[in-house]
Each structure stands twice: as C-alpha cells, then as structure tokens.
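First comes the structure, then the notes that go with it.
Lettering of chains follows the sequences in order, A, B, ..., and the numbering in each one begins at 1.
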Amino acid sequence: MDLALSLIVLLPLIGMLILFAFGRRIGEPGAGIVATVAVAGSFVIALVLALDLFSGEGSVETVRWFEWLPAFGVEAELRWDQLSTLMTLVVTGVGSLIHLYSIGYMHGDARFGRFFAYLNLFITSMLILVLANNFALLFVGWELVGLSSYLLISFWFERDTAAAAGKKAFVVNRVGDVGFIVALMLIFSVFGSLGFDTVFDGAHNGELTGAMATAIALLLLVGAAGKSAQLPLYVWLPDAMEGPTPVSALIHAATMVTAGVYMVARTGAIFEVAPIAAATVAIVGAATALFAATIAMSQRDIKRVLAYSTISQLGYMFMAVGAAAYVAGIFHLMTHAFFKALLFLGAGSVIHGMSDEQDMHKMGGLAKKMPVTFITMAIAWLAISGMPPLAGFWSKDEILGVVFERGGLWQVLWGVGLATALLTAFYMTRMMWLTFFGEPRWDEGIQPHESPKLMTIPLVVLAGLSVVGGLVNTPFKLTLEHFLEPVFEAVHLAHAPEGSVAWILAAVSVAAGIIGIGAAIFRYRDRVPAEDGTGWRLLNNGYYIDDMYAGVFARGGKLGAAWLAFRFDVRGIDGAVEGVGSLTRRVGGWLRPLQTGFVRSYGLAVVAGAVGLLVWFLSRGGL
Amino acid sequence: MDFPILSALIALPVAGGLGVLLVRRDELALPLSITSSLVTLGGAVWLLFEFESGEAGFQFVEKSTWHEPWGVGWHLGVDGISLLLVVLTAFLFPIALLASTSVTHRVRQYMASMLFLQAGITGVFLALDLLVFFIFWEAMLVPMYFIIGIWGDERRIHAAVKFFLYTAFGSALMFAGILSLGFLVSDQLGGPTFDFVELLGADLTRTAQFWLFGAFGLSFAIKVPIFPFHTWLPDAHVEAPTAGSVILAGVLLKLGAYGLLRFNLTLFPEASVDLVPVLAVLAVIGILYGAIVAIVQTDIKRLVAYSSVSHLGFVVLGVFALTTQGLQGGVIQMVNHGLTTGLLFLLVGMIYERRHTREISEFGGLASVMPLFAGAFLFTAFASIGLPGLNGFVGEFFVLIGSYLSLPGYAVAAAFGVVLAAVYLLWAYQRMFTGEITVEANRGLGDLNLREKVIIVPMAVLIVFLGVYPKPALDIIEPSVDAVLERIEEKTDYVVPEFGSTTDIAVEVGE
C-alpha cells in the first residue's frame, strides 16, 4: 500500500526528471510517450487502490515519507481517503487523456520534450496538493501547481503576451496566497499544528470560536479565490489562454483551478463552524458565475469563451461548497472536468485544423470538415447546457436543488444560478453555431481538416464520460454521495430536495437551458451579428475591470514604486547619508586653511592658545 | 587537547593568502587560492559532521587567556546558530573564487584579499571574546574595501569609501560599547572581562542595557542592513566585482543579523524585549520597502541588492519575534538567502562578463539563445521568491508563522512581501529572458560553459536539498535558539507565546 500510494506521486515525478534530463535526446514522440505512460501508470495504480474503497472495504490510509517540519507538527505525509481518491482519479484520468492528445497537438514544437516535463511536473504538484495530509504540504502542492501553470502559460515565451500572462497568473495567485498564508498563521496559533486531523478534530470539538473560525475561513476563501479564479481575483485566467490549448484544458479548466473548490471541501470542518464565511463563499461563487457568464456571451476568441465559462462554472462549485453541498460541488468538479476538458480539446482541434485561427467570426461551417470534433463537442455543449441525461445536468441540477432547499435568502442565489444556466446555454450555443454551422468565413488559404487519431481518441473518451459521468450521482441512486460521506462526517451536508419539488426544479432548469439554446439558435441561425454596440463592447472587455486593475495596480503601483526608489530612496535617505559625507568634507574644507604648513602660524596659534588658557584660569580665580 | 579545528578554519585562509602573495606567479594565484579554500571547506564539512546536533552549548571550544587583567583571550566556539553560517562561508568562497576568472589585474593581491576576507568572516562567527570578535569585525572591512575599491566598476572608489565609512562609523560605536561593557561588569565578575560566556553571568541595569543595545545594535543594523541604513548596499553591490557581491550578500550581511541574535538578545535581554516593536517595524518596512523599490530598478544588480534588504527584513523579523519558529526561521533564512542571492549574483556576473552591462533594458529574449542560463536564473529566482520545494520557502514560512505568534500585525503585513517578491523577480525575468531578442549584441551569446556549470550545480543541489528536507539543518539550529529564548525568559518577564491560546486571539480578531 505504502509503495503503491507513493508511486502515484512518484511516477510523474520520475517522468519529469527523465524529461528534464534527457527530453531533448528522447525527442518526439518518445518524450510524450514517457510522460503519458507515467501519468497513465499513476491512474492505473490509483484505480486499483480505489477499488477497495469503492467496495466499502478499504480504509483511510496515510503514508509517511519523511520527518519534515516537526516545529509545525507536520510530516511529509500523504492521505488516501475518499476525497483524495476521487481527486486523484480525475487528475490522473483526465491528465492521461490530455497527455495523449498533446503528443499530437505539440507535434513539431521545438521544445516538445520540455513541454511534457512541465506537464508531468504539473501532475506531480497537483497530486501532492490533493494527497497532502496537512496544510503545509497542501500549500507546497498549491504553490507548485502555480509554478507549473506559470511555466506552461508562458511556454511560448517568445511571445510577449504569453510571458506577461504567465507572470500575471503567478502574481495574482500570490495575492490569494497571502490570504492562505495568514490563514495558516491563525490555524497554527490556535491548534499548534498544521496537521489535518488535529485541526479538523479540534474544529469539530469546538476549539474554534466564532470570530476566529470566520477569520480563518474567509482567509482560506481568499486563497481559494486566487487559485480558482473567482471574483475579484479571476483576471489571470482569461489571459492564461496564451498557453498551449492542452494546458488550458488540463490546468485551466479541468484540474488546477478546481483546487480552491477542493480546499474548501477539505476544510469543511472549519466552514461548518463559520456560517458567515460559508455564505460568503456561496455569494462569491454565485456572483462570479453570473458575472463571467455575461462576459462569455460576448467573446470572439473561442478559447476566451471557454475561459470565462470555466470561471462561471467554478462559481457554481463555490456556490455548492459554500452551501455545504460538498458532494454536489465535488460532483460538478468531476463532470465539469470531463466536459470542459472536452470543450477545450475540441477547441484545440478546431484551432489546429484552422491553422491557429481562434476568432470565431472567421470560422463557421466546420461541422462537415471536422465531424469527430463536432460530434464530441456537441455532446459537451449539451452537457454544460444542462440537458438530461448528460453529466452536466445531474451535477448542476443537484447544486441548484440544494441551494433552493436551504430556503430564505439562499433562494436568491438559486435565481442567480438559474439565470447563469440560461446564459450558459446561450453562449455555448453561440460558440457552437459560430464555429460549426453557417457559411464558412475562413481566411483565404485555410484548409480545415480533422485532427489526427491521437487527438480525437481523447475527445471520444471524454465525450463518453460526459454522457455517463453524471450517472454516479442521480437522485435515484446517490452512489457518489454515499462514497464521500465518511469524509464529511464532521459537517452537516446539505441535501437536494426530493419528490415533486425536485421534479419541478429540474424542469425549470432544463427549461432555462432550452430557452438559452433556442435564443442563441434564433439569433445566430443564419447570420453573424456584428455585436459591437456599447453594451457588447462593455461585455467584450470584461466590464473593463482588467484595464482598471492594470491602471491602478500595475501602472499606479509602478509610479509609486518609482517615486520611492528614485526620489525617496536616492534623494531622501541616501541624500541624507551622502549629505553627512559632504558636510563632513565641507567642514573639513573650512578648517583646512588653518593647516597652512607654516611653522610660524602654528607657533602663533600655540601662543594664542596658551594665552587664552592663562586668561581662563586666571579669570577662574588663579592657579 | 583536540585538534584546534576552529583556529584552523581561520588560519587556513590566512596561510593561503600569504602563500598566494609569496608565490610570485599570477597564473598560480587562482589554483592556489581555490585549493586553500577547498581545504578549508573540507575542514568545515568535517566540523558539520562531527557537530553534535541536539546540543545547545558551544562545541569545539578553544580557550586561552591573553591578558588576564583585562580578561582578554583567544576564545572560539561554535553552536547551532553559527555552525551553518561557518559552513556556508566555507562553501561560498571556493565558488566565488572560481567566479573570479575575469579578474586579470593584480590577481595575487585580489586572491589574497579574498582569502583574508574569508578568515575575517569566519573569525567573526567563531569568536567568543568580544575584543577578538571586534578585531575580526574590523579586519574583514579592509580586504572588502580593497575588493570593491580596486577591482570594482566605474564608481568603485565612491562605493568603497561609502561602505567603509558607513560601517566604520557603526564599528566605532560598537567598540565603545564593548569597552564599556567589559569594564562595567568588573564589579560583578571580579575584574573586567570580554569573554562572552563570562559576560552572560553578569546582570546589567536596564539603562546600561539600552545604551549598549544601541551601540551594538546600530553597528549590526548598518551591516544587515536594516531600513533606513541600507543605502550603502546597492552602491557597494553594483560596484563590487561578482565575487565581492556574492560574499557581501552571501555572508557579510549575515554578520549583522548574527550579531543581533548572538550578542544583543543574550547580553541585553531586557532592552531586546522592550525594543521588539522598533525592530519589528523596521523589519517589516525593510521587507516591503526593499521589495517595492526593487521592482522598478533598471540595473539587475541593484534589483538583487534591494531584494536582499527585503529578505534580511525577514531575518530580523524572525529573530525579534522571539519564538522558536521565528528564530529558527531567521537563522535558516540567513543560510538560504546566502545560497539564493549568492547564486543570483553569480548568474548576473556571468551575463555581465558576456555583455559588460547590467541594464535590464539591454537584454530581452535571452532564453532563446541561452536556455540553460535562463533556466538556472528562473530556478534561482523561484528559490528567492520562496517557492516550496526550494530553500527560500522554509525560512519565510518559519518566520511568518513564527512571528504571528508574538507579533500578529507585523506578520500579516510581512506576508505581502511574498507577492512583491514574485513581482520584482518575475518581471525582471520577463524583461531579460522572454520575448524576441531586441538587442543585436545578444544574438550571439553563448550558453553556460563548463566552469559556470561547476559553479551553479553545487549551489542548486543545496537549494533543492534544504528546500525538500530542511530537518537536519533545523535540528542543528533549534537547541541553540531555544537556549537563547530560555535565557530571555529567565532574565526578563517575557514569556514565549504558546499556541492554542484560542480565546486571546479570537478576541483580537473579533474586534
């Protein structure tokens, strides 16, 4: 068990080391195969280990690697429970498929080996994050996925935009990390340990008082909002689309960005005693969901549609975990991983087939040229739009149900979620129509073609998962909920309504989806509206929030820093220091004429001094 | 008597330096001095393995009295606070020497200066007699002055004089402090003494503690440097040759923090406890201010210099947090900063040797022509940013969480330093390494050569090792810093805060 569990993390680590050392020599496609085998190996091991847990016979296991930071009561230790199992399976499962796809997608890239080294680094980091048994190791994984994200967004570093986007992602995430770090300070000050068991048991046993619990939970939310691109820290994710598309699929849609959701779920015991913070999580989630969906409606770049869509869907997950519907949140995390990875990979296939064109206004009519891409993406489109019986329907419906069931003001959030569902269906339909239907609007010389098998096979597998993935947790059979229940023993899980209410809610949300789809089809059925009015421009530019940040923080910050550096530091502080120096020199200069070098003047001075002393002594009353 | 290993660690570089001067052949200067420093390193490594970690007191003590009436003697010893710094010094010197191949002018004098500098620094870390300490402290200034003043860049004289006068000003105060301390205790201890261990037995009045804390502290604060005494540092770094910068950032700055921890905290505990707010404020200002000012620097060496101000702020905050985690973090941060910033300066030196400029705007797109160099730079930058898995993380983590226990507000403010570090280093990386090549002269640059790889690899290995598995280092440090804390608790009414004091903090947050 110990070795097997360790291998889940070690295989991609070894893959990464091999590729860093010999990636160039192994070349193409060997490097891709090494990386894919490493991740697939992790997946197989995880699946085998998971079978025991699935059957209900297995137990929670921990593996201690080495003594690490005894001063904080933590070791380098992994935790294998139902939640980390599920996360591991999603990460390695979707990860393997995207590795495979990347072999095709990255064909011909000059740094093919390096790309896969980074991908394996990401998988290793993400596995550390989800398997960590304490906050310190979780934080290690948390930061390392940030590193992987940085490296992969700016993979094509020759492009200034890519390099800037990578930096922006890392820095914005670090802003969130400040919250995380301060949360760790508070946690340690209360419990004297950063170990999960100590902290969660303590929180459960009432060692965490109201204000402190709220503070810790809100600070954790700040960290989570950074990683999971929630308001107001979402601005890095749209830019992250500068990375190669498989990266967008794996890291900026399916896995890494869900780390915040995972973290809130993992620390449910803390949010349980901090209801205000939990409600804040839900409100942030709902607001982000609606906000990002409106922006997604107006984007022309196919990847940016999907980026804002991801932000919006992550908002759903936050809404769920904030409402203590942890299972629903994790459930949507999983189904979203399937259909959103599929959408991104599909978009990658389109971009690949269109010679790197990403503007949907220059696409159209691709359905016939790229049948596999079209059919698989169509499945994902219906899934994210919440059409039964596809995966997205079950998970989204459960979230909306739980939020509705909590009653009171929570039903406002339900309304927001419902509106978002409608918008989601609208913008996804818009994307599908502009891309695959209508007249071709391709630039001259572009010859769209279906992608190679290496790329379409993962699409087909993910399409399958997007169809059946939702069946693991239906109101008729709550398999996932029963599986995850032991993890959430300490919290009161919120549940979806049953009976007629459930049917009505489902009908309403499906209706919203159908309205959204219908409206979009009607609008885009035979034309491409210019969409350049004031309102559209506002949306297209994301309400100019990013520009505002750039003005205030980037430009304003630089001006302030420049004032400090070149005025205050150089003229103020150092000016004072140099001033003392030159003052000394000046005083020396004044005194210098006294040192004439003539014995007669020295003699005169001696005599004058002697006379002076004599006068002084005499005046004081004699010798 | 056992072999006097500590004296040997000081004597070896002196002998090496004299040897280099006596052998009148320039081409032998580098091999001879590197050999000398490698032998010293061997001794230091032996010391590291023979050291009993888990013990708080001084080990390998050497003691012989010079002048009984004044209580002056040759007293050396090493404990968990100084051991790693001694080893770091021994480790950095051969590397710095290997990075000095571009020195072609008065080579023997240069190599000898470096070796004398090594002896001086090692002596400061090992000395347990305040006068001996002071002699080393001053002795070390001279070779450093020459290194900057003779082998430096254009404005080297200005920088060297500024460095010398600024630190000498501090030293003068400290010398007065040492003398008055030595004689002040003569009533209590039956005669004047400058022996650190004996001095620990004396009780000083509160007023005396304050004055002496000031006299010692100002000198150390200049050396660290603590804001606002930092402006000599960027000048000195920019003008110093690469090896000079490496040693300056790598170990010289640590002497200040080491002095505060070794002498101020233990000899003047009451004053230390009372002055915690002052030091904490300055430390946090240093962390944030150094980082903000670093962002907009146009000279990469100045940028790294200001980053040192920020990183050393973490050290000071950790030390004056007066918690075991904070102090451990402070000490390990000293070691880590020595490695990462040392390596950053080495890398900057490598590009300077190729292009003879340090202006960030002169670069751009270097990653396409120098991929290995770019990778090494990014690696080091992330170590400096405090990325987990690399060494910088450990110190910051210990300092931040450790200082929260005693100085919550300051710790929270300091946490913003982690954002700023990412801003200034990643932006510098972006401007120097990414994008298209903008300056033609950069197009033909060669990537790392064998010598440069030999310089980088050992440092990188340590950076990863200490990042992943810091426990051996922490085991060495912990007992000694705990002893310092115990002493403070014993001599003052300060109580090291315990975790789990839920209610107190909850009230604070609630308000």
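Two residues are said to be in side-chain contact when any heavy atoms from C-beta on lie closer than 4.5 Å; B:W427 and A:V171 fail this criterion. Using a 4.5 Å heavy-atom threshold, the side chains of B:P388 and A:L147 count as separate. Taking the side chain as every heavy atom from C-beta outward, B:K162 and A:V577 approach each other to under 4.5 Å. Using a 4.5 Å heavy-atom cutoff, the side chains of A:L194 and B:I401 are in contact. When side chains are defined from C-beta on, A:R174 does not count as touching B:V423, because their heavy atoms never get closer than 4.5 Å.
Heavy atoms closer than 4.5 Å to chain A are found in the side chain of B:P470, but not in its backbone. Only the side chain of A:L151 comes within less than 4.5 Å of a heavy atom of chain B; its backbone N, CA, C and O stay farther away. Looking at B:Y166, the atoms closer than 4.5 Å to chain A (heavy atoms on both sides) all sit in the side chain, from C-beta outward. Contact of A:I128 with chain B is not made at all, since no heavy-atom distance falls under 4.5 Å. Interface remark: B:I385 contributes backbone and side-chain atoms alike to the contact with chain A (heavy atom separation under 4.5 Å). Contacts between A:V182 and chain B at a heavy-atom distance below 4.5 Å involve the side chain alone, from C-beta outward. Both the backbone and the side chain of B:E436 come within contact range of chain A, with heavy atoms under 4.5 Å apart. Both the backbone and the side chain of A:F139 come within less than 4.5 Å of a heavy atom in chain B. Residue A:A213: no heavy atom, backbone or side chain, is found under 4.5 Å from chain B.
Across B:V468, B:D235, B:L474, the residue that shares the most heavy-atom pairs under 4.5 angstrom with chain A is B:V468. Contact count versus chain A (heavy atoms, under 4.5 Å) is highest, among B:P228, B:A367, B:P497, for B:A367. When the candidates A:R159, A:R114, A:E578 are compared by the number of heavy-atom contacts under 4.5 Å with chain B, A:E578 comes out ahead. The choice from B:G417, B:G389, B:S368 that makes the most heavy-atom pairs within less than 4.5 Å of chain A is B:S368. Of the listed residues A:G581, A:A164, A:A576, the one with more heavy-atom pairs under 4.5 angstrom with chain B than any other is A:A164. Most heavy-atom pairs under 4.5 Å with chain A, from the set B:F433, B:F229, B:F393: that is B:F393.
At most 12 heavy atoms of other shown residues, nucleotides or ligands fall within 6.0 angstrom of atom CZ in B:F169. Other residues, nucleotides and ligands contribute over 12 non-hydrogen atoms within 6.0 Å of the CZ atom of A:F200. No more than 12 heavy atoms of other residues, nucleotides or ligands lie within 6.0 Å of CD1 in A:I276, so this atom counts as exposed by the packing criterion. Within 6.0 Å of atom OH in B:Y469, more than 12 heavy atoms from other residues, nucleotides or ligands are found, so the atom counts as buried in its surroundings. The environment of A:R24 atom CZ is sparse: at most 12 non-hydrogen atoms of other residues, nucleotides or ligands sit within 6.0 angstrom.
Note on ring orientation: taking the six-membered ring where Trp is involved, the planes of B:F398 and A:F72 are perpendicular (angle over 60°, cut-offs 30° and 60°). In this pair, A:F170 and B:F382 present their aromatic rings perpendicular. The plane angle is above 60°, beyond the 30 to 60° band.
Chain A is approached within less than 4.5 Å, heavy atom to heavy atom, by B:Y289, B:I292, B:V293 from residues 287-295 of chain B, ordered by number.
Between A:F188 and B:Y404, the distance separating the two ring centers is not shorter than 6.0 angstrom.
The line from CG of B:L426 to OG of A:S154 is 9.0 Å long, rounded to the nearest 0.5 Å. Taking OH of B:Y306 as the start and CG of A:D569 as the end, the distance is 3.5 Å to the nearest 0.5 Å.
For A:E67, the side chain to side chain contact (heavy atoms under 4.5 Å, CB included) criterion is met by A:E75, B:K471, not counting sequence neighbours.
For the pair A:F157 and B:T434, the tightest heavy-atom approach, listed with the atom from each and the gap, is O-CB, 3.5 Å.
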